[in-house]
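Just so we're on the same page: letters track the sequence lines, and every chain starts at 1.
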Amino acid sequence: MRSVYLEKLTEFSQMLRQEGLAVGLGETTDACAILENLGFADRQQVRWALRAVFAKSQGEQAVFDRVFDGFFVSQEQKEAIRARKKAEAEEMSRRQAEAEQDLQVRGQPLDIRDDLREVYMKMSEEKREELRQLMERTKPNIDRSPQLYTNFIRSVFMRFLLEQQMLMEDAAVGVEEALDPEMALMVRDIGTFRDEEIPRATALIARITQQLNAELSVRRQHAAHKGALDFRRTIRRGLETGGSLYRLSFRRKRRKKRRLVLLCDVSGSMLQFSEFALRFIKSLSDVAESSRTFLFSEAVREVDAFSLQNMDAFRQYVKDSGLYGRGTDLGTALAVLSQMRPAVLDPSATLLILSDTKTIDLPRAGRALQEAGRLAGKVLWLNPIPEGKWQYVGSIRAMGALCQMVPCSTLSELAQACRRLVQ
Amino acid sequence: MDFDTLKEKLKEQHYVCDDQLVTTLLVALQLGRPLLIEGAAGVGKTEIAKVMAAALDRELVRLQCYEGLDESKALYEWNYQKQLLSIQVNMNRQDPDQLTRSLFGDEYLLERPLLKSIRSEKPTVLLIDEIDKADEEFEAFLLELLSEMQVTIPEVGTIRAKSIPFVVLTSNRTRPLSEALRRRCAYLYIQYPDVEKEVEIIRSKLPNANERLAVQVAEAIHKLRENDAILKKPSIAETLDWVAALEALGITDLDPEAFRRTSGFVLKNSEDLDAAEHPPEKAEEECSCGHHHDHEHHHHDHGHCGGHGAKA
């Protein structure tokens, strides 16, 4: 191969690597070998051939195509891209200068994190104007207590920018989908699933639980090949092979499955998450030998989770039972569970709470959680709020100190949590 | 082998393929790399291996993966019964050391697909089907075979491939495969064919099928696959089954009644049948086939939409 092509191909590999593809020397060598045979005449054929070598998943194929289109472009396209990038860079530097000017109080730069400054730069003009107007409106108070004013502006800006950051993250949902539509639902916030995506998500849950069940059964199979020898079984099996003890049997430890008590928050935005999580957990054949499921908002109701394995039936039940559209009172729900006779919570029970920790009367809820933790063998909290945002939510910090809290904002995290549950 | 020759050979097998597929197969073939094919169930992943075996005039060795698959089912197993018998028969006749050595010879080795494919004198096509169903341990075990084309049997030693098989791995993506495995393979993602290609497939596999019916079925299948409410999307094999069933019943026009009678050939569970027959109301009265209803006159012909026969 001519050295100029070799050089180009190495450069291309380098670009793919920068975009996160695991491109090694082996792939580049393969690409050289294949292009020596195919030649460069047909651009489309070169794309397909290199894609087979460099991209190893559907998601990587999308990245590959983008890099390929950027690398193997005509001169005109290159010029157009350069002009666009230049304009974008100019716009960003203009916004940066504007942000530096806007994010000042009493002539001093506002004490906020760099990522929030970046959020300010990326925000729409309309939103930035809102903040500017707020600052303008509150300016007359500056002389009364300069320090108080600075703190006030900082806290308002922080809250506003954090909200915008979350919205921007949610808006970026489609990006993953463009890369790999089938797997994208796995990493999307469950709360953002649209109605038409629910059948796909439930099919995905079925697949994941099938896989989890398979993992568990393999683990059991492996466990059956170690430990103390079971002489009676070994001798009996040896009869099949003329008395030779060729297949050994081992003593199996009788496993005591846990009793699971599920407490699902079905107030407002928690409804969809609870339904998904419930479906997930109930599909795991090995999670528990018996389980009881309770739904709560301001009141608590025990339900038969198997009869609600359908989104419509679940929503209908929640509406009919009077739990829908009410506030969240975790304290009452936990107190009811703790006081139930015969006892629901005892040392053989694992209490699984599905909730976002937003509840009325947090101190009472905390006390009730402590009491429930004392009665139950184990308490695990599945939280649908992304882990990155926990530090800003006081109730999560408070509840997290009292029990083990697991992030479950996506199906992927939910699967991970279920794995934890069965370990 | 060059691009045109391979394309011609695939055509001879009545396999409808585009240039992208041929290029990818050629790349894998020329580099001697395993080909990892991913895509939804029923897009024809396994078929590629079968067709390649026929096109290259090689034997197809198939390993169907499943949960719990291990080396003894995939690579080799000692014929224990025969070994035990041999021990008992030759116990007093042979030197014990010699007897022990003789027990691990070819005579007692049961070849499983992987070993068979690399010990074959003639190159084969090795199909490792639904690798995502196997456990991660098995995937790790495959790495030696895929990268070095050799396997190690503790009692015998390392066995190098006598001929390099063309390895095809398929996955329905029920779980992500390891990076290590992916890196050793050339990669192909197959999507469901578009209407034109599906018609071509029907023509190629069922040359006597009615042309109009083939188009109607292909369009209906396309709409069914686009319908998000349908969980198990119809496969290409099911398309062919459906056309064959319609032909066998003497139906030449896919009208709502024909759809109702034969829908069991494409939709295999009651929820999907229900979703196809009762699609959700859509804005602007547009049905899932993309045509507009006229509810006052009900004259829209649903013959080819296949998604809601009961409503027409």
message: Between B/Gln30 and A/Asn37, does the side-chain hydrogen bond (donor to acceptor under 3.5 Å, both in side chains) criterion hold? Intermediate values first, please.
response: CA-CA 9 Å; B/Gln30 287 189 345; A/Asn37 286 332; 3.1 Å; yes

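- Within a 6.0 Å radius of NZ in B/Lys11, other residues, nucleotides and ligands contribute 12 heavy atoms or fewer.
- Within a 6.0 Å radius of CZ in A/Arg233, other residues, nucleotides and ligands contribute 12 heavy atoms or fewer.
- Inter-residue side-chain proximity for B/Arg33 and A/Asp30 is flagged as met; some heavy-atom pair is nearer than 4.5 Å.
- For A/Gln61, the part lying under 4.5 angstrom from a heavy atom of chain B is the side chain only.
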field: Test log, rule side chain to side chain contact (heavy atoms under 4.5 Å, CB included), inputs B/Tyr187 and A/Gln58
entry: CA-CA 9 Å; B/Tyr187 179 80; A/Gln58 201 192 357; 4.1 Å; yes

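- Contacts of A/Ala49 with chain B are made by both backbone and side-chain atoms, with heavy-atom separations under 4.5 Å.
- Interface remark: B/Gln83 contributes no atoms to any contact with chain A (heavy atom separation under 4.5 Å).
- For B/Tyr66, the OH atom counts as densely surrounded, since its 6.0 Å shell holds more than 12 non-hydrogen atoms of other residues, nucleotides or ligands.
- Rounded to the nearest 0.5 angstrom, A/Gln45 CD and B/Asp19 CG are separated by 7.0 Å.
- The part of A/Glu27 that comes within reach of chain B is its side chain, from C-beta onward, which places non-hydrogen atoms under 4.5 angstrom from that chain.
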message: Would A/Arg51 and B/Gln20 count as a side chain to side chain contact (heavy atoms under 4.5 Å, CB included) here? Give the steps.
response: CA-CA 10 Å; A/Arg51 188 158 66 180; B/Gln20 181 187 354; 2.6 Å; yes

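- Of the possible donor and acceptor atoms, one in the side chain of A/Lys56 sits under 3.5 Å from a partner among the backbone N and O of B/Cys185.
- Of all heavy-atom pairs between A/Ile34 and B/Leu26, the closest is CD1-O, 4.5 Å.
- Between B/Arg183 and A/Ala22 the shortest heavy-atom distance is NE-O, 3.9 Å.
- Here the side chains of B/Val27 and A/Leu50 are not in contact, with every heavy-atom distance at 4.5 Å or above.
- Across all non-hydrogen atoms, the minimal contact from B/Thr23 to A/Trp48 is OG1-CE3, 3.6 Å.
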